[in-house]
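Below, chain A is the first sequence line, B the second, and so on; all start at residue 1.
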Amino acid sequence: DVKVTQSSRYLVKRTGEKVFLECVQDMDHENMFWYRQDPGLGLRLIYFSYDVKMKEKGDIPEGYSVSREKKERFSLILESASTNQTSMYLCASNYLAGGPKEQYFGPGTRLTVT
Amino acid sequence: AQKVTQAQTEISVVEKEDVTLDCVYETRDTTYYLFWYKQPPSGELVFLIRRNSFDEQNEISGRYSWNFQKSTSSFNFTITASQVVDSAVYFCALTINTGGFKTIFGAGTRLFVKA
């Protein structure tokens with residue numbers, strides 16, 4: 001069974017802390033994504049990566065960075081967490097061969113920054 | 001710029017009614033991909049359909065059907081004879097080639113199906 005796992009379901013951090021969100025997929029997918037989901041705004045793309053060490057900014061990259069050292073793992077880093085980064089964070093991955101296929105999503109991490 | 005618009009924020013229907021969820025997209029690319037996903041109350045997004053820009057054939061899968069019209073940049077989703085289990089948030093998404101493959105999601109339509 002296809003799996004995208006995220007390191008935490010719920011996380012509470014203080015303003016100014018450095019936060020790491022980890023995502024692992026077991027499907028050998030080339031492409032991996034980080035989104036945040038907020039009510040009324042849908043999913044907004046933060047960063048994505050189409051290969052190891054490759055990354056591309058999404059629509060809202062400010063305040064975030066990413067790391068992809070291994071094909072199966074894609075990390076989202078909040079360098080200095082702020083309250084406006086309180087959100088649900090979703091990781092996803094997909095195949096690219098023959099054109100991008102459907103994305104498989106993790107269960108999400110609900111991050112609260114106080 | 002690329003954009004996906006789902007103008008219907010919430011729709012409420014009674015079971016067995018048909019319902020259409022609208023999706024309008026914007027892109028200047030000639031090659032692109034369109035998707036629909038369902039997010040049930042449990043939370044995890046589930047893939048429903050994928051279409052590339054060269055395939056305008058409509059598709060039917062059980063009670064679900066999709067109408068792709070390039071002339072109006074629309075990719076609408078119809079549920080026939082809706083059921084309570086169809087209650088969910090539905091997202092339309094557009095993927096384009098930016099070197100990688102960037103995906104833009106619409107804001108989603110929340111569908112309530114009442115018994």
Side-chain angles (χ1 to χ4, degrees), chain A residues 1-6 9-10 23 27 29-61 66 68 74 87-110, chain B residues 1-10 21-27 29-55 59 61 66 88-110:
Chain A
D1 203 14
V2 156
K3 274 265 192 259
V4 177
T5 56
Q6 296 183 227
R9 290 301 302 268
Y10 299 94
C23 175
M27 297 160 282
H29 285 168
E30 302 95 330
N31 222 21
M32 295 187 75
F33 305 82
W34 275 107
Y35 298 93
R36 63 177 282 176
Q37 182 174 13
D38 300 288
L41 297 177
L43 278 71
R44 292 181 292 165
L45 182 63
I46 304 171
Y47 270 97
F48 64 106
S49 166
Y50 50 90
D51 201 351
V52 174
K53 297 194 188 295
M54 304 300 288
K55 63 185 178 187
E56 209 170 306
K57 291 180 182 179
D59 295 316
I60 52 164
V66 291
R68 192 159 180 209
F74 192 34
S87 186
M88 172 68 86
Y89 289 87
L90 296 174
C91 176
S93 68
N94 68 346
Y95 282 121
L96 293 180
K101 303 297 190 288
E102 70 271 22
Q103 293 179 30
Y104 291 85
F105 285 83
T109 295
R110 186 164 294 283
Chain B
Q2 298 80 26
K3 191 176 174 184
V4 175
T5 302
Q6 294 181 256
Q8 304 147 309
T9 307
E10 287 188 2
L21 310 183
D22 297 333
C23 173
V24 173
Y25 62 92
E26 292 175 34
T27 180
D29 290 27
T30 54
T31 302
Y32 51 89
Y33 302 82
L34 295 164
F35 299 83
W36 276 94
Y37 291 88
K38 173 182 180 179
Q39 188 176 40
S42 57
E44 278 197 43
L45 276 93
V46 174
F47 164 74
L48 295 177
I49 191 170
R50 169 188 185 265
R51 265 284 174 273
N52 71 51
S53 52
F54 300 109
D55 181 4
E59 176 148 342
S61 175
W66 290 269
V89 181
Y90 292 87
F91 292 97
C92 180
L94 166 70
T95 296
I96 55 170
N97 191 342
T98 57
F101 281 91
K102 178 181 178 181
T103 297
I104 303 105
F105 276 77
T109 297
R110 184 177 294 276

* Is there a donor-acceptor contact under 3.5 Å from the side chain of A:E102 to the main chain of B:F47? ->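 The answer is no, because no donor-acceptor pair under 3.5 Å joins these two groups.
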Between [X] and chain A, which part of the residue has a heavy atom less than 4.5 Å away: side chain, backbone, both or neither?
X: B:S42; answer: neither
X: B:F91; answer: side chain
X: B:T9; answer: neither
X: B:Q6; answer: neither
X: B:I104; answer: side chain

Does [X] have more than 12 heavy atoms from other residues, nucleotides or ligands lying within 6.0 Å of its [atom1]?
X: B:F54; atom1: CZ; result: yes
X: A:R44; atom1: CZ; result: yes
X: B:K38; atom1: NZ; result: yes

Heaviest contributor of heavy-atom pairs below 4.5 Å to chain A, chosen from B:G99, B:A93, B:G43, B:G106, is B:G99
Name the region of [X], side chain, backbone, both or neither, that has any atom closer than 4.5 Å to a heavy atom of chain B.
X: A:F105; answer: both
X: A:Q103; answer: both
X: A:K101; answer: both
X: A:L43; answer: both

| said: Quick check: closest heavy atoms across B:G100 and A:Y50, and the distance to 0.1 Å? | reply: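 Result for this residue pair: CA-CD2, 3.4 Å.
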Taking every heavy atom of B:A107 against every heavy atom of A:G40, the minimum-distance pair comes out as CB-O, 3.7 Å
Quick check for you: to the nearest 0.5 Å, what is the distance between A:F48 atom CZ and B:T103 atom OG1?
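If I round to the nearest 0.5 Å, the distance is 7.5 Å.
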One should read off an interatomic distance between B:Y33 OH and A:N94 CG, to the nearest 0.5 angstrom, of 11.0 Å
Interface residue of largest heavy-atom contact number with chain B, from A:G108, A:G106, A:S49, under 4.5 Å:
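Result: the option with the highest number of such pairs is A:G106.
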